[in-house]
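The structure under discussion appears below in the form of structure tokens.
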Amino acid sequence: MLPTIDPTTTKSWKKLSNYFTSIGKQSLNQLFESDNNRAQKFSLQWQNLFVDYSKTHIDEQTMRLLIELARECHLAEAIEQMFRGEKINQTQKRAVLHFALRNLGDDPVFLDGRDVMPEIRTVRNQMKIFSTQVRNGDWKGYTGKPIRNIVNIGIGGSDLGPAMVCRGLQFYGHERLRVFFVSNVDGGHIYETLRHLNAEETLFLIVSKSFTTQETLANAKTARQWFINQGGKAEDISKHFVAISTNTPAAMEFGIDPENIFHFWDYVGGRFSLWSAVGLSIALQIGYESYEELLKGAEAMDHHFRETPFENNLPILLALLSIWYTNFFDCATEAILPYDQYLERFPAYLQQTIMESNGKSIDRSGLPVSYKTSPVIWGEPGTNGQHSFYQLIHQGTQMIPCIFMAAAKPLTPLSEHHQLLLSNFFAQPEALMKGKTAEEVRAEMLSKGFNEEEINKLLPFRVFRGNIPSISLLYQQLTPYNLGAITALFEHRTFVQGIIWNIFSFDQWGVELGKSLANNIIPELAHDDPIQTHDGSTRQLIHKVKQMRKS
Ligand code: F6P
């Protein structure tokens, strides 16, 4: 296993801290003025992706030192450990093999000396047969009609990944099929989803790695009851319910026909599972061949990540830039801003991937870390965000590094819309970097006929300090292949950051706590007797709910 290294004790970290005091003071405008070739130097083309990271506070020396940091933290060994199937998820004693799910070649992937590829290929084949039957109408509901509605019931990784991809690739969807996602235990979610559907044409995918998750089981039970209430019989359930899980016995106990269970394995983390049968909704929506394109894009990114020198390695470069801003500039958040409405759910998906992985404060030797780990990840598609929170990015008190994303070619024939969208995609990072000086504001106001008094009064509000960093990620078009590659890029970026921060990225103990606490309260809500447990505030809130329900 990797030696545990506090990154702040490395030589490169110290050099970076010293270097930060000089380069950190230079504005992005100055960096561009001092180097005509900057944009070309700090950008990278890989297949259909182009990443421009020149609008960040770096120079060649910064990049050299950040790469030295990655080396000192044994990143190369860590990457090999993952791809060799070592149990790098040490707190759960598990290997991390989501890359095997998109290994479409003949190479074996070993776990404890056993090749896992045959079992992966078997499930892929099961997905292919099933999705083809549903799409071509051979899979019939209990009244003999083909399926029209697919309802994915799952939460966290059993929801966010497939939901993001299904939304992202809806352009390629089957014209008869509509895909819905129900995750929240709030009854409003399933109620509003089901109320316009009819049972005879609806297929439920119950997706849960553990098949013990409270929210998913509650929604699955409600769906089953709804199906019966709508006229389905117990013996019809096998035509309308399938499960995707590592826990086959629990899925069977729920009443899922063993033939309808798509298996996956402990070596796939929930938030990295969209490449497994958890992505069945994707295969149903876009067809198995296109689903394999998604896997192919991710597989290509895996090769890039494993085989490319650090200097030209996209996930590593993006990870190091994020560390530069988090740990040296002390930035607390990062904004993900896709100028692509199809990627509406991408920021939410990345929140889980990044924050559930790297929102940790205990290092790999079990000691508290003395430095920041994951920033808060947030965002919305552009241009919507511009009319909402961009004010804070432009003129607020914090520096927020941004990742802008856009397709060079639109999917729709509405090319004029795309020109407008792209003009904003170019304008915002430029404005964030350049800002607007007092002199510029003054000249502009004079030209608009403002008098001196008005100018002096209003000028401070109209100045933009600029110097806000961003990375621009361009992809040729939003295809399954490109989305697969982009998604895997961010997965690997997350892994790299976890290695450098010396934390375990593949467990999620913080989430487990919430699950058990809520379970303790369920019985207390079922009666009217005063309760003595909890703190005063929680007790008061529980009593208040009971009172309010009565009135
Ligand atoms: O939210 C915590 C979590 O454990 C996630 O990691 C996981 O994706 C989600 O719950 C759902 O778990 P399951 O797929 O087992 O229902």
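Order of appearance sets the numbers: ligands from 1, and atoms from 1 within every ligand. Values in this document were obtained by computation on a predicted structure and should not be read as measured data.
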Donor-acceptor contact present, side-chain N198 to main-chain E200, <3.5 Å: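 Not a single qualifying donor-acceptor pair exists.
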
R94 backbone acceptor or donor facing Y267 side chain under 3.5 Å: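 Absent.
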
Could you find the nearest protein heavy atom to [atom] and give me its residue, atom name and distance?
{"atom": "atom 6 (O) of ligand 1", "answer": "E356 OE1, 2.7 Å"}
{"atom": "atom 11 (C) of ligand 1", "answer": "I155 O, 3.2 Å"}
{"atom": "atom 2 (C) of ligand 1", "answer": "V511 CG1, 3.0 Å"}
{"atom": "atom 13 (P) of ligand 1", "answer": "T213 OG1, 3.3 Å"}
{"atom": "atom 4 (O) of ligand 1", "answer": "K515 NZ, 3.4 Å"}
{"atom": "atom 15 (O) of ligand 1", "answer": "S210 OG, 2.6 Å"}

Which atoms of ligand 1 have any heavy atom of [X] under 4.0 Å away?
{"X": "G157", "value": "7 (C), 8 (O)"}
{"X": "Q352", "value": "5 (C), 6 (O), 8 (O)"}
{"X": "G156", "value": "8 (O)"}

For [X], is at least one N or O under 3.5 Å away from an N or O on ligand 1?
{"X": "E512", "result": "no"}
{"X": "S158", "result": "yes"}
{"X": "V207", "result": "no"}

Pairwise side-chain contact, H98 with S273, heavy-atom cut-off 4.5 Å (strictly under):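 The answer is no, as the side chains (C-beta and beyond) never meet within the 4.5 Å cut-off.
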
Ring centroid separation F99 to W275 under 6.0 Å: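 Ring centres of W275 and F99 not closer than 6.0 Å.
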
Validation row, ring centre F130 to ring centre F262 under 6.0 Å: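 Between F130 and F262, the centre distance is under 6.0 Å.
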
No-hydrogen, no-angle side-chain donor-acceptor test under 3.5 Å, H492 and D302: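 Present: a donor and an acceptor within the cut-off.
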
Aromatic ring pairing F171/Y342, orientation class (parallel under 30°, perpendicular over 60°, tilted between):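 Aromatic pair F171/Y342 classed perpendicular.
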
Spacing of L197 atom CG and N149 atom CG [to the nearest 0.5 Å]: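 That separation rounds to 4.5 Å.
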
Check ion pair R271-E491 (N to O, under 4.0 angstrom):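 Answer for the salt bridge query: no.
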
Test item, E215 contacting ligand 1 (heavy atom, 4.0 angstrom):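 Contact check E215 vs ligand 1: negative.
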
